[in-house]
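The chain is numbered in sequence order, starting from 1. Below, all heavy atoms of this structure are taken into account, side chains as well, without hydrogens, waters or symmetry copies.
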Amino acid sequence: MKPLNACLAFAAALSLFSTVVPARAEPPKNIVLVHGAWVDASGWKPVYEILIKEGFRVTMVQEPETSFADDVTAAKRVLDLQDGPTLLVGHSYGGSIITEAGVHPNVVGLVYVAAHAPDVGEDESALGKKTPSVLGKTEGVIKVTPDKFTYLDPVQFPKLFAPDLPRERAEFVARSQVLAATQVFSTPLTAAAWKTKPSWGVVAGSDQIINPDLERWYYERAKSQITVIPGASHSVYESHPKEVAAVITRAARSLQQPATR
């Protein structure tokens, strides 16, 4: 009887082991895209269309740009709605947002697209002054309303923000700006998700809004996997959607997560 009992015990243990072994690993299906200052989520449409054809579930965040806290809350609200592991992507000022909001438990990786990536206690305004862009060196382009909201001069917007977009599209974006509260750029971060989560960074080679050298510095500090898109403007997500979507897809597919049995 003892040999029989031993066989039964072994079979039971084997059965138990087989139920707890993770199923085939799969990449996260959820991707959340966060836009930058002065624009809205509609600029992500070309990237969105590519990603959904690749089988991803893609959601855009529409930040109010009324305060940094409000924008982070808007991102976290969308992250709360995701049904599993999520890749979080941010453009420009959206990089600061995903750095803060990326500590959310659903987030498994970060992608920075021509974006800021401050550390705890830092803010993008101060960092931008240390490595100024063409915009930072050009007086009078950033306008401020009496109630302290900012926007770019619509006449100069196309040549600074989106010189590689069709002129009509660039002018439309210039005339449909979302005004951003001045404080969104100077609020120090209280979290830096890139310290604990893998990240990827896209450098826009001819960016005039954020100095490409600053973008690279951010990404090197975060130990991100870096992709440079030569000649791309700050509107790289819209002017080079295939290249940007390829980075996002590659990032998502490298983040293998155990599938549920």
Side-chain angles (χ1 to χ4, degrees), residues 28 30-39 41 43-44 47-48 51 56 58-61 63 68 71-72 75-76 78-79 86-104 107-120 122-125 127-128 130-131 133 161 184-185 189 191-230 232-255:
N30 300 324
I31 296 175
V32 170
L33 307 176
V34 181
H35 64 80
W38 303 315
V39 294
W44 282 116
V47 170
Y48 163 85
L51 293 176
F56 294 104
V58 186
T59 308
M60 275 70 64
V61 176
E63 307 106 69
F68 183 63
D71 294 342
V72 171
K76 288 182 175 179
V78 171
L79 290 170
T86 302
L87 182 64
L88 185 58
V89 183
H91 169 252
S92 191
Y93 159 66
S96 292
I97 297 172
I98 71 169
T99 298
E100 181 92 6
V103 296
H104 191 287
V107 176
V108 293
L110 308 162
V111 179
Y112 292 92
V113 180
H116 290 284
D119 199 350
V120 174
E122 296 178 345
D123 66 83
E124 63 179 65
S125 177
L127 293 168
K130 291 181 180 179
T131 310
S133 63
F161 197 103
V184 304
F185 306 112
L189 271 66
W194 51 260
K195 287 187 170 182
T196 57
K197 299 184 180 182
S199 61
W200 290 256
V202 174
V203 175
S206 295
D207 199 329
Q208 298 180 82
I209 303 300
I210 301 175
N211 191 317
D213 291 338
L214 179 57
E215 294 172 11
R216 182 182 290 277
W217 178 81
Y218 279 132
Y219 307 155
E220 289 177 347
R221 180 175 68 168
K223 296 180 173 58
S224 307
Q225 295 186 38
I226 301 173
T227 299
V228 179
I229 302 180
S233 77
H234 196 58
S235 289
V236 58
Y237 62 109
E238 195 166 3
S239 62
H240 293 74
K242 290 181 180 178
E243 293 95 323
V244 171
V247 173
I248 296 171
T249 299
R250 186 164 61 251
R253 289 178 175 164
S254 71
L255 292 167

(message) Any side-chain to backbone donor/acceptor pair from H35 onto W44? Under 3.5 Å, distance only.
(response) no
(request) Without swapping roles, check the side chain of S133 against the backbone of N211 for a donor-acceptor pair under 3.5 Å. (result) no
(request) Answer yes or no: are there more than 12 heavy-atom neighbours, outside F185 itself, under 6.0 Å from its atom CZ? (result) yes
(request) Please round to the nearest 0.5 Å and tell me the distance separating atom CG of D71 and atom NZ of K76. (result) 12.5 Å
(message) Quick check: closest heavy atoms across A75 and A101, and the distance to 0.1 Å?
(response) CB-CB, 4.1 Å
(message) Between Q208 (side chain only) and F161 (backbone N and O only), is there a donor and an acceptor less than 3.5 Å apart?
(response) no
(message) Could you check whether any side-chain N or O of D119 sits under 3.5 Å from a backbone N or O of E122, counting only pairs where one atom can act as donor and the other as acceptor?
(response) no
(message) Testing the basics here: between A114 and D207, what is the closest heavy-atom pair and its distance to 0.1 Å?
(response) CB-OD2, 3.5 Å
(request) Rounded to the nearest 0.5 Å, what's the gap from CG on L189 to CZ on F68? Could you check? (result) 4.0 Å
(request) Please tell me if the side chains of T227 and R250 come closer than 4.5 Å, counting only heavy atoms from C-beta onward. (result) yes
(request) State whether the side chain of K197 and the backbone N or O of V107 hold a donor-acceptor pair below 3.5 Å, judged by distance alone. (result) yes
(message) Within the 4.5 Å heavy-atom criterion, are Y219 and Y112 side-chain neighbours or not?
(response) yes
(request) Compare every heavy atom of S224 with every heavy atom of S199, then report the nearest pair and how far apart it is. (result) OG-OG, 2.6 Å
(request) Test side-chain contact (heavy atoms from CB on, under 4.5 Å) on T99 and W194 and set out the steps. (result) CA-CA 6 Å; T99 298; W194 51 260; 3.6 Å; yes
(message) Using side-chain heavy atoms (C-beta onward) and a distance below 4.5 Å, is V89 in contact with V34?
(response) no
(message) Could you measure the distance from the NE2 atom of H91 to the CD1 atom of I209? Nearest 0.5 Å is fine.
(response) 9.0 Å
(message) Donor-acceptor pair, distance only, cut-off 3.5 Å: does the side chain of T131 make one with the backbone of G128?
(response) no
(message) Between V228 and R216, is there a side-chain heavy-atom distance shorter than 4.5 Å?
(response) yes
(request) Determine, stepwise, if the pair E220 / I226 fulfils side-chain contact (heavy atoms from CB on, under 4.5 Å). (result) CA-CA 8 Å; E220 289 177 347; I226 301 173; 3.7 Å; yes
(message) Would the distance check show the side chain of R221 and the main-chain N or O of A117 forming a donor-acceptor pair, the cut-off being under 3.5 Å?
(response) yes
(request) Report the relative orientation of the aromatic rings in H116 and Y218; use parallel for angles under 30°, tilted for 30 to 60°, perpendicular for over 60°. (result) perpendicular
(message) Would you compute the distance between atom NZ of K130 and atom CG of L214 and round it to the nearest 0.5 angstrom?
(response) 10.5 Å
(message) Looking at A191, is its backbone amide N or carbonyl O close enough to the side chain of E100 to form a donor-acceptor pair, meaning the two atoms are under 3.5 Å apart?
(response) yes
(request) Output the distance between atom CG (L88) and atom CG (L110), rounded to the nearest 0.5 Å. (result) 6.0 Å
(message) Under a 3.5 Å distance rule, please check whether E215 uses its side chain to pair with a backbone N or O of P212 as donor and acceptor.
(response) no
(message) Would Y237 and V39 count as a side-chain contact (heavy atoms from CB on, under 4.5 Å) here? Give the steps.
(response) CA-CA 12 Å; Y237 62 109; V39 294; 3.9 Å; yes
(request) Going by the side chain to side chain contact (heavy atoms under 4.5 Å, CB included) test, name the single residue among V108, I31, V32, L255 that passes it with T86. (result) V32
(message) Do I248 and L51 have side chains that approach each other closer than 4.5 Å (heavy atoms only, starting at C-beta)?
(response) yes
(message) Quick check: closest heavy atoms across S92 and G36, and the distance to 0.1 Å?
(response) CB-CA, 4.1 Å
(request) Spell out, as yes or no, whether a donor-acceptor pair under 3.5 Å connects the side chain of S233 to the backbone of S235. (result) yes
(message) Please evaluate residues I229 and V244 with respect to the criterion side-chain contact (heavy atoms from CB on, under 4.5 Å), reporting the C-alpha separation (whole Å), side-chain torsions for both, the decisive distance (0.1 Å), and the verdict.
(response) CA-CA 9 Å; I229 302 180; V244 171; 4.2 Å; yes
(request) Measure the spacing between CG of L87 and CG of N30 and express it to the nearest 0.5 Å. (result) 10.0 Å
(message) Quick check: closest heavy atoms across Y93 and A37, and the distance to 0.1 Å?
(response) CB-N, 3.7 Å
